[in-house]
Amino acid sequence: MMGAVKNFFALPASFFRWWFGELAALLPGVLREGLRGGEKLLLDMGTTPPQLYRLRGRKAVPLASSKEASAKAKAAATLALARRELVTRQAQLPLAAEENLREVVGFEMDRLTPFSREEVYYACRVAGRDAKNGRLSVDIMLAPRRKVDGLLEELRGQELTVTRVDIAADEPGRPLGVNLLPEAPSPAPSRVARALAGALTATVAVLLFLALQVPLERKADYAAALSARVTEERARVAELRKLEEEIATLQKPDASLTDLKRQDLLTLALVDQVTRLLPDDSWLSQLSLDGNRLSLSGFSPNSSKLITTFEQSPRFSETVFRAPVTQDPRLGLERFSLSLRVEPAGGGQ
């Protein structure tokens, strides 16, 4: 008789254990860890040297000896990385992204940060909300995946099972309360459990069907609206980038125009310098500039004196006649043709 009674109550008890397990799987990771109970450890890498703590509720008790730490090593542990091991970025997202913030950040990782989603472990939290403009400020904390995996592998060799990777805060033993590791999928129930759950929840499923339809449809509509909003934002970003490129192109100075202006200024300066040096009884019939060589042709009563005059100027050197000096009988002057090397403007006037 007693055995029959025990069997009668065992079936509902198994069902409720499974049912509450499924409900717990819907909770955030932090709350789910708190409901599991049992011994928990915290390895704080923000201290020097790293310190292992035993967690009792919200209180962290340091493990004083290596023997005590070794005895607790098989308990579930949280690894708190030092701030210097992380890269932090702040991003602006649509306000609607808060509903699925981690998924949206992961999807946009290569745009929001210099890394791809496969290269890092990450966590994110809301830093501020701008309801007027519909924008959300988000702090994104990233840790190199290869470095974290190597550290986890080393801790497994020390029989320390790490279930969460947090970030060390200023106060030892009190991490920020985030998890850089992705959420582990819930284990699939066994065939017997599925059959039992199906049989015992059939009636409840029928009664809740209509009530569940409304929130499911609303969630699907919300997900579709969020996806459309993300697509719209990406299109706007692409358009803004295109405008930035066009503005940058328009702002680039015209090199050819700049060179032309510089050349005109140089030519005017040389003409002014030549005019100042040329004696009043001499004049030019031709002036040309080819690179750093200036060619002068004209008439003067004493052409040889012109060479000495131009050589005394720091702007000219290597002054030579390009052709023999000839006498113009009509003017009674010497016809000359000079070639001069033009020195850089820094040489003085």
Side-chain angles (χ1 to χ4, degrees), residues 21-47 50-55 57-58 60 69 72-91 93 97-127 138-188:
E22 292 297 313
L23 290 178
L26 300 176
L27 295 174
V30 176
L31 295 179
R32 189 164 62 247
E33 289 291 336
L35 292 174
R36 286 178 182 173
E39 192 76 40
K40 297 182 181 64
L41 300 177
L42 170 66
L43 179 58
D44 194 335
M45 304 293 291
T47 61
Q51 175 65 51
L52 189 64
Y53 295 87
R54 180 174 59 237
L55 300 179
R58 297 180 58 83
K72 303 293 183 182
K74 293 186 179 180
T78 295
L79 174 65
L81 296 176
R83 289 288 187 92
R84 60 180 177 273
E85 304 293 339
L86 302 169
V87 177
T88 302
R89 289 288 185 274
Q90 188 171 81
L93 294 174
E98 186 173 3
E99 180 72 15
N100 300 291
L101 185 57
R102 183 178 177 88
E103 289 76 9
V104 173
V105 170
F107 179 72
E108 294 286 313
M109 182 66 71
D110 57 346
R111 183 179 69 84
L112 300 175
T113 73
F115 309 100
S116 67
R117 188 174 184 175
E118 293 74 20
E119 292 177 321
V120 293
Y121 290 117
Y122 68 96
C124 50
R125 60 180 181 177
V126 176
V138 179
D139 287 334
I140 306 174
M141 294 151 282
L142 310 109
R145 187 178 287 260
R146 291 179 58 186
K147 189 167 187 177
V148 174
D149 287 343
L151 187 56
L152 295 179
E153 184 66 27
E154 180 181 347
L155 293 176
R156 276 194 293 269
Q158 301 175 13
E159 298 186 350
L160 191 64
T161 304
V162 176
T163 58
R164 293 173 58 82
V165 176
D166 209 326
I167 300 172
D170 295 335
E171 183 179 355
R174 291 289 185 89
L176 293 184
V178 299
N179 188 11
L180 297 173
L181 296 180
E183 289 286 341
S186 302

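In this text, all values refer to a predicted model and were calculated from it rather than measured experimentally.
In this structure, R83 contributes its side chain and A168 its backbone to a donor-acceptor pair below 3.5 Å. Looking at R102, its side chain does come within 3.5 Å of a backbone N or O of Y122 through a donor-acceptor pair. No donor-acceptor pair closer than 3.5 Å links the side chain of E108 to the backbone N or O of V105. With N179 contributing its side chain and V165 its backbone, the two residues share a donor-acceptor pair below 3.5 Å. In terms of modelled atom types and a separation under 3.5 Å, the side chain of D166 and the main chain of G177 share a donor-acceptor contact.
Residues R125 and L176 share a closest heavy-atom pair of NH2-CD1, 4.1 Å. Minimum heavy-atom separation, F115 to E119: CA-OE1, 3.4 Å. The two residues R174 and A169 have their closest heavy-atom pair at O-CB, 3.0 Å. The nearest pair of heavy atoms linking A82 to G46 is CB-CA, 4.0 Å. Considering every non-hydrogen atom in both E118 and R145, the closest pair reads O-NE, 3.1 Å.
Taking the side chain as every heavy atom from C-beta outward, D110 and R117 never approach each other to under 4.5 Å. No side-chain heavy atom of P175 sits less than 4.5 Å from a side-chain heavy atom of D44. A 4.5 Å side-chain heavy-atom check between Y121 and P182 finds at least one atom pair inside the cut-off.
For E103, the side chain to side chain contact (heavy atoms under 4.5 Å, CB included) partners two or more places apart in sequence, or in a different chain, are N100.
Among T78, L42, L180, the single residue meeting the side-chain contact (heavy atoms from CB on, under 4.5 Å) criterion with R164 is T78.
Taking a 6.0 Å sphere around CZ of R111, one finds it holds more than 12 heavy atoms contributed by other residues, nucleotides or ligands.
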- Query: Which is it for D149 and L151 under the side chain to side chain contact (heavy atoms under 4.5 Å, CB included) test, yes or no, and what are the steps along the way?
  - Reply: CA-CA 5 Å; D149 287 343; L151 187 56; over 6 Å; no

- Take L55 and L41, measure what side chain to side chain contact (heavy atoms under 4.5 Å, CB included) needs, and give me the verdict at the end. CA-CA 6 Å; L55 300 179; L41 300 177; over 6 Å; no

- List the steps, then state whether side chain to side chain contact (heavy atoms under 4.5 Å, CB included) holds for R89 with L112. CA-CA 8 Å; R89 289 288 185 274; L112 300 175; over 6 Å; no

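Distance OG1/T47 to CD/E171: 12.5 Å, rounded to 0.5 Å. Here the CE atom belonging to M141 is positioned 7.0 Å from the OG1 atom belonging to T88, to the nearest 0.5 angstrom. Rounded to the nearest 0.5 angstrom, L86 CG and I140 CD1 are separated by 13.0 Å.
Between K147 and E85 there is a salt bridge, since a side-chain N of the basic residue sits under 4.0 Å from a carboxylate O of the acidic one.
D139 and Q90 form a side-chain donor-acceptor contact under 3.5 Å, judged by distance and modelled atom types alone.
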